[in-house]
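Heavy atoms only: backbone and side chains are in, while hydrogens, waters and symmetry mates are out. Each chain gets a letter, A, B and so on, in the order its sequence line appears, and its residues count up from 1.
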Amino acid sequence: MREISYRQAIQEALWEEMGRDPEMLIFGEDIGLYGGAYAITKGMQEEFGPERVRDTPISEAGTVGIAAGASVVGARSVVEIMYIDFITLAMDQIVNQVAKMRYMFGGKVEVPLVLRTQGGAGRSSAAQHSQSLERWFLGVPGLKVVMPATPYDAKGLLKTAIRDSNPVIFIEHKLLYNTKGQVPSEEYTIPLGQAEVKKEGADLTIISYSRMLLYALEAANKLKEYGIDAEVLDLRSLQPLDRETLVASVKKTRCALVVEEGCKTGGVGAEISAILTENCFRGLKSPVRRVAGEDVPIPCSPVLEKAAIPSVDQIVRAALNSQKYQKQI
Amino acid sequence: MREISYRQAIQEALWEEMGRDPEMLIFGEDIGLYGGAYAITKGMQEEFGPERVRDTPISEAGTVGIAAGASVVGARSVVEIMYIDFITLAMDQIVNQVAKMRYMFGGKVEVPLVLRTQGGAGRSSAAQHSQSLERWFLGVPGLKVVMPATPYDAKGLLKTAIRDSNPVIFIEHKLLYNTKGQVPSEEYTIPLGQAEVKKEGADLTIISYSRMLLYALEAANKLKEYGIDAEVLDLRSLQPLDRETLVASVKKTRCALVVEEGCKTGGVGAEISAILTENCFRGLKSPVRRVAGEDVPIPCSPVLEKAAIPSVDQIVRAALNSQKYQKQI
Amino acid sequence: MDPKVEKELYSMMLLIRRFEEKVLEVFSFGKLAGRMFHVCIGQEAVPTGVCSVLKPDDYITSTHRGHGHFIAKNADLKRMMAELYGKATGYCKGKGGSMHIADIELGHLGANGIVGGSFGIATGAAYASAFRRDKRVTVCFFGEGAANQGIFHESLNMAGLWKLPIVYVCENNFYALSTPLERSSATETLAERAAAYDMPGQVVDGMDVAAVRKAALEAVNRARAGEGPTLLECQTYRFYGHSRGDGSVYRTKEEEEFWKARCPVKTFGERLVAEGKLSLQEMEELEKDIEERLAEACAFADESPYPSLDSLYEDVFVEGSGN
Amino acid sequence: MDPKVEKELYSMMLLIRRFEEKVLEVFSFGKLAGRMFHVCIGQEAVPTGVCSVLKPDDYITSTHRGHGHFIAKNADLKRMMAELYGKATGYCKGKGGSMHIADIELGHLGANGIVGGSFGIATGAAYASAFRRDKRVTVCFFGEGAANQGIFHESLNMAGLWKLPIVYVCENNFYALSTPLERSSATETLAERAAAYDMPGQVVDGMDVAAVRKAALEAVNRARAGEGPTLLECQTYRFYGHSRGDGSVYRTKEEEEFWKARCPVKTFGERLVAEGKLSLQEMEELEKDIEERLAEACAFADESPYPSLDSLYEDVFVEGSGN
Ligand SMILES: Cc1ncc(C[n+]2csc(CCOP(=O)(O)OP(=O)(O)O)c2C)c(N)n1
Ligand SMILES: Cc1ncc(C[n+]2csc(CCOP(=O)(O)OP(=O)(O)O)c2C)c(N)n1
Ligand SMILES: [Mg+2]
Ligand SMILES: [Mg+2]
């Protein structure tokens with residue numbers, strides 16, 4: 001084990017998989033000499049050549065289409081979309097082409113494509129560079145959606161995503177790149193679709209993923225002061241979603257809180273809440289609560305931006321409310 | 001009152017509003033001489049001229065952008081996107097521009113734009129012409145989302161949507177165009193954001209919108225045979241969402257079922273379920289259930305297509321299960 | 001041209017024509033899945049001429065008006081018809097239908113219900129070929145209406161920039177649904193847009209299969225030689241409406257007659273007969289043979305079962321991958 | 001040219017230059033909201049020359065590198081600076097910031113964080129003007145990198161088709177972030193793409209404000225006369241990195257020196273001095289005046305409050321509409 005950053009973890013996964021599969025291609029804006037907006041592909045073009053690490057014009061739709069075409073004929077591809085906000089430009093290619101091709105063609109094609117991007121707020125980059133749009137891909141059968149929170153998960157999941165014969169949307173968080181964690185030097189992969197209990201607990205389950213997982217863990221820590229023993233669950237992959245682990249945890253704690261960064265309305269938390277209601281209704285001691293971003297575009301000004309996304313305090317408060325509710329019952 | 005079709009109701013709304021506001025513009029593919037893929041704008045170009053009823057090239061993104069630009073400088077615009085499936089091509093314009101402009105500009109702009117489109121399955125048109133994508137716009141602050149189920153609502157809501165100074169996504173259903181209903185000859189409008197109880201009942205609330213409302217009403221009828229008195233709620237507008245009416249109904253019946261045509265995962269039903277859990281937890285006698293489309297792309301073959309979306313029977317069965325669950329408690 | 005090739009071209013065009021007529025016929029009997037069928041009657045010279053110069057492992061992408069492309073790429077008529085019927089034995093197990101038919105093994109990377117949806121995919125297949133140096137060529141078929149989509153621009157720019165082995169074949173039938181070219185494009189021809197992508201653009205008589213074949217051969221050779229992409233604008237006409245139920249109110253009878261007089265199948269057949277390369281008897285035999293094959297295809301489709309309900313959940317994902 | 005106008009051009013360019021330098025300065029003091037600031041130092045001649053021929057009620061759309069456009073469209077420096085600080089007194093109440101600054105009253109329809117995001121909006125404003133016959137002209141500023149977005153193609157095609165009163169002004173600074181023009185565009189110039197949209201395209205020396213003004217005047221006049229759109233490619237250079245923190249490893253020192261020697265502010269100022277149209281004393285006064293105005297702007301921004309938390313929920317919708 002060594003301590004490396006989330007950025008390094010992703011870099012390692014890409015380098016190792018590029019080494020493993022000589023036909024693997026990477027496409028994206030400024031990913032060559034420049035190394036990408038978040039320096040993920042730095043040095044890769046020198047190592048693997050400009051054909052395999054392909055700088056593209058600012059043409060998100062065409063680029064995703066091209067990567068899809070290459071994948072369909074067997075050249076496993078990774079596309080970097082600089083900000084998830086720009087994925088809006090490639091929605092047709094992702095949703096109508098990439099996701100549906102296998103089904104529409106009766107299972108006669110594989111689309112081994114990974115679409116890497118990063119989302120989230122926290123840098124005062126305003127409404128078009130700060131969104132959390134993962135929710136859109138939950139209802140698009142044919143896509144997998146992975147959102148790692150730690151360097152360990154980022155590396156292991158990205159490697160699996162690349163080897164997967166299905167299209168995967170792999171969403172990083174801009175504020176996680178510099179976070180650090182233990183990562184083995186040896187080769188490993190992590191299966192997609194397995195949530196992980198990052199902290200065990202008995203009183204309530206805080207469900208989260210990506211950067212909000214770190215907040216959830218912090219909140220769990222603070223909750224100890226109130227004598228509350230929170231379990232923290234990291235979904236890691238939103239599609240497939242690990243219902244078993246989710247339901248098992250909540251059946252145990254009988255109280256759940258979902259934390260996500262994106263707008264509350266129509267978010268991932270809604271789906272989790274609905275699933276928990278469907279599966280744990282009888283056991284629940286208090287209603288599933290959602291802590292999520294406000295239903296506003298992300299404002300530029302840092303004071304406002306901060307207020308637009310969840311805080312650790314909000315999570316703590318929601319957890320306390322859940323516990324209070326239980327006592328009243 | 002006269003009986004007219006959903007199609008006619010929409011036509012009337014457009015004609016009346018075009019007459020009312022001489023600067024109002026309509027943009028879309030084949031909307032002129034041809035009258036649009038679903039014949040909504042038939043005759044309008046002749047009446048209002050080719051500048052106001054503008055045939056556009058097959059350029060969905062550019063067309064939405066142009067309509068947005070015209071709206072921003074005060075020319076109220078309606079865009080017809082032939083199928084909601086093609087809205088994927090205009091997502092950047094809708095989500096990053098239209099929806100956020102007012103907020104980003106500090107409230108200094110109005111975007112009086114209506115994006116009319118139609119969705120849904122039922123004509124064996126396969127995966128790229130049958131989707132229910134309204135869910136995507138729930139988490140996009142700045143947009144309103146309206147989905148009428150009846151001719152009366154279609155006309156009244158479309159007129160309000162056009163007069164609204166905010167951008168509105170107005171989603172029709174391809175299988176509703178020929179349905180009929182009572183519509184007054186006199187001018188009327190319906191405020192956005194008000195759900196309506198389409199049938200009162202005491203035992204459970206079936207919540208739905210658009211075409212699935214008709215299924216919900218049919219199911220409610222059948223449930224009578226089982227001695228179950230279902231209330232049927234039509235959301236009509238998903239954004240703003242009428243939480244009050246929703247919560248009031250479920251507080252009364254203490255049992256809820258949400259029916260939507262789109263894929264279950266991450267759908268509108270998830271949000272409704274989460275809201276009901278948050279607001280009615282104590283009173284609920286059984287878990288909020290979702291009847292929704294299967295998590296698959298819509299297949300072409302009619303036998304499969306039919307199985308991919310909800311049926312009246314499924315709604316009845318889900319309602320019966322809810323009631324059985326209650327007895328067990 | 002080799003008379004054998006000429007006969008093949010004629011017979012392929014005839015096959016496409018008769019296939020499409022059969023589609024209209026069985027459609028009217030209510031046999032097909034859905035209502036979205038866009039036949040290419042009148043346009044047969046384009047797929048025929050273009051695919052006649054392709055190797056079996058070359059790639060094509062197709063459109064909503066794609067039956068001709070697939071037949072010319074040697075589709076099995078039975079499985080094709082079965083797909084149009086929505087049957088389990090179809091190319092896509094009934095899930096795709098007319099607008100999404102595909103067969104990767106035949107190098108057919110998919111019809112598309114999204115106008116312009118295939119530009120990127122085709123360009124990406126060509127990208128992979130260039131990278132692998134596998135000498136394959138990709139042909140991207142599209143209608144002139146599709147050329148107004150943004151992804152046309154994005155894809156052709158990249159293909160021109162990277163000199164990819166691809167031929168963009170525009171089937172300019174002068175209408176996109178009801179919209180005439182002159183009301184959808186700022187330029188009079190599509191070919192003249194090629195300059196913006198540093199590739200040759202050429203207007204081709206799309207009613208003359210020989211002309212199409214000649215232009216396609218040059219373009220495919222260029223691509224195979226690594227000299228980059230070409231944009232071919234094949235001017236043609238669809239004799240019927242956009243799809244069933246479209247009465248073509250937006251076109252004049254005169255215009256339709258003008259083009260119908262140039263019917264690619266009829267004119268080419270007559271030429272071959274006049275030049276003594278095809279006898280009337282051979283023509284009749286061809287017709288009979290095609291009729292039989294189509295009857296067989298329909299019988300196959302008719303007798304095939306509809307997909308089982310279980311299959312609804314299959315083929316969303318490659319199973320067992322990602323673990 | 002009228003010497004008065006020449007002085008105005010110089011003074012506007014200088015103002016933009018000094019504003020951008022001030023932005024870099026206060027950025028380094030940590031005063032600005034966020035890190036996404038794209039200054040246009042080196043490119044001042046383009047917004048200055050173009051906006052100098054616009055009427056107050058003409059429209060512009062802008063980009064992520066948009067401070068110059070707004071200043072040239074007569075932005076209030078205080079409210080502009082306050083917006084960059086993320087303060088409540090800013091043009092957008094601190095919600096937009098540098099990349100989303102706008103003022104509809106001044107005809108500024110918005111900067112844009114999405115590269116290419118304004119093509120449609122600008123074209124739509126021009127559509128409304130054509131429809132209303134209000135004789136307004138819209139200018140759509142964009143970088144050469146943005147011209148590879150699909151919506152560039154879609155918008156210009158419609159503008160060319162409908163002969164809209166719009167001028168597309170490409171600020172070709174030869175790089176899109178790190179990507180040089182020759183690795184992003186199949187064509188050598190952007191102007192040559194204009195032909196594909198049936199509009200004139202012209203390469204302009206974007207380092208010479210007089211040349212920019214001349215070309216813009218012609219294009220704006222054409223547009224105002226109802227003769228349709230124009231694509232102007234103003235060749236220019238950004239002297240700094242793409243944004244703060246970009247060391248421009250992708251450019252050579254020689255190239256940078258070459259362009260810096262052509263600094264539009266310096267060369268034009270020197271010319272005016274040499275021609276006796278501007279005295280060194282006037283120059284100094286100008287500098288002083290600008291310095292004061294910028295100091296005031298910064299003081300205003302500094303002293304202004306941050307937005308209240310309540311304002312987070314305001315401005316999502318026009319309240320009271322839709323009932
Ligand atoms: C993105 C998208 N927009 C609109 C449509 C509806 N539509 C289907 S075919 C068609 C016309 C296409 O014209 P063209 O590309 O010229 O092909 P043709 O039908 O003439 O062969 C239209 C508008 C669609 N399927 N996809
Ligand atoms: C849709 C989209 N893709 C990518 C980016 C990231 N990005 C911001 S500016 C930029 C370069 C733009 O180049 P150009 O249009 O030439 O303008 P310049 O910065 O040179 O003024 C890129 C790639 C973005 N903001 N939006
Ligand atoms: Mg056509
Ligand atoms: Mg540039």
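Ranked by heavy-atom pairs under 4.5 Å with chain C, the list A:S59, A:P141, A:S71, A:G107 is led by A:S59. Heavy-atom pairs under 4.5 Å with chain A peak, among C:F119, C:W162, C:F152, at C:W162. Of the listed residues (A:G142, A:A161, A:G193), the one with the most heavy-atom contacts under 4.5 Å to chain C is A:G142. Counting heavy-atom pairs under 4.5 Å between each of C:R132, C:E105, C:R136, C:M158 and chain A puts C:R132 at the top. Of the listed residues (A:K144, A:R163, A:E23), the greatest number of heavy-atom pairs within a distance under 4.5 Å of chain C belongs to A:E23. Looking only at heavy-atom pairs under 4.5 Å with chain C, the residue among A:S165, A:A67, A:G74, A:A75 that has the most is A:S165. The choice from C:N323, C:D315, C:T138, C:L161 that makes the most heavy-atom pairs within less than 4.5 Å of chain A is C:D315.
Taking CG of A:L192 as the start and CZ of C:F317 as the end, the distance is 10.0 Å to the nearest 0.5 Å. Atom CD of A:Q93 is separated from atom CD of C:E154 by 9.0 Å, given to the nearest 0.5 angstrom. Note that the CG atom of C:N157 and the OG1 atom of A:T56 stand 10.5 Å from one another [nearest 0.5 Å]. The structure places CG of A:D92 at 7.5 Å from CG of C:N112, a figure rounded to the nearest 0.5 Å.
Near-neighbour residues of residues 108-118 of chain A relative to chain C, defined by a heavy atom under 4.5 Å from a heavy atom of that chain, comprise A:K108, A:V109, A:E110. Using a 4.5 Å heavy-atom cut-off against chain C, the contacting residues of residues 94-105 of chain A are A:N96, A:Q97, A:M101, A:R102, A:Y103, A:M104, A:F105.
Of the atoms belonging to C:L109, heavy atoms from both backbone and side chain fall under 4.5 Å from chain A. Interface residue A:T63: backbone and side-chain heavy atoms are both found under 4.5 Å from chain C. With a 4.5 angstrom heavy-atom cutoff, A:L143 touches chain C only via backbone atoms. Heavy atoms of C:A130 lying under 4.5 Å from chain A belong exclusively to its backbone. In this structure, the portion of C:E314 lying under 4.5 Å from any heavy atom of chain A is its backbone and not its side chain. For C:L156, no part sits under 4.5 Å from any heavy atom of chain A, backbone or side chain.
Nearest heavy-atom pair, A:D164 versus C:S321, reported as atom, atom and distance to 0.1 Å: OD1-OG, 3.1 Å.
Under the 4.5 Å side-chain criterion, counting only non-hydrogen atoms from C-beta, C:Y127 is not in contact with A:V73. Between C:Y59 and A:V72 the shortest side-chain heavy-atom distance does not fall below 4.5 Å.
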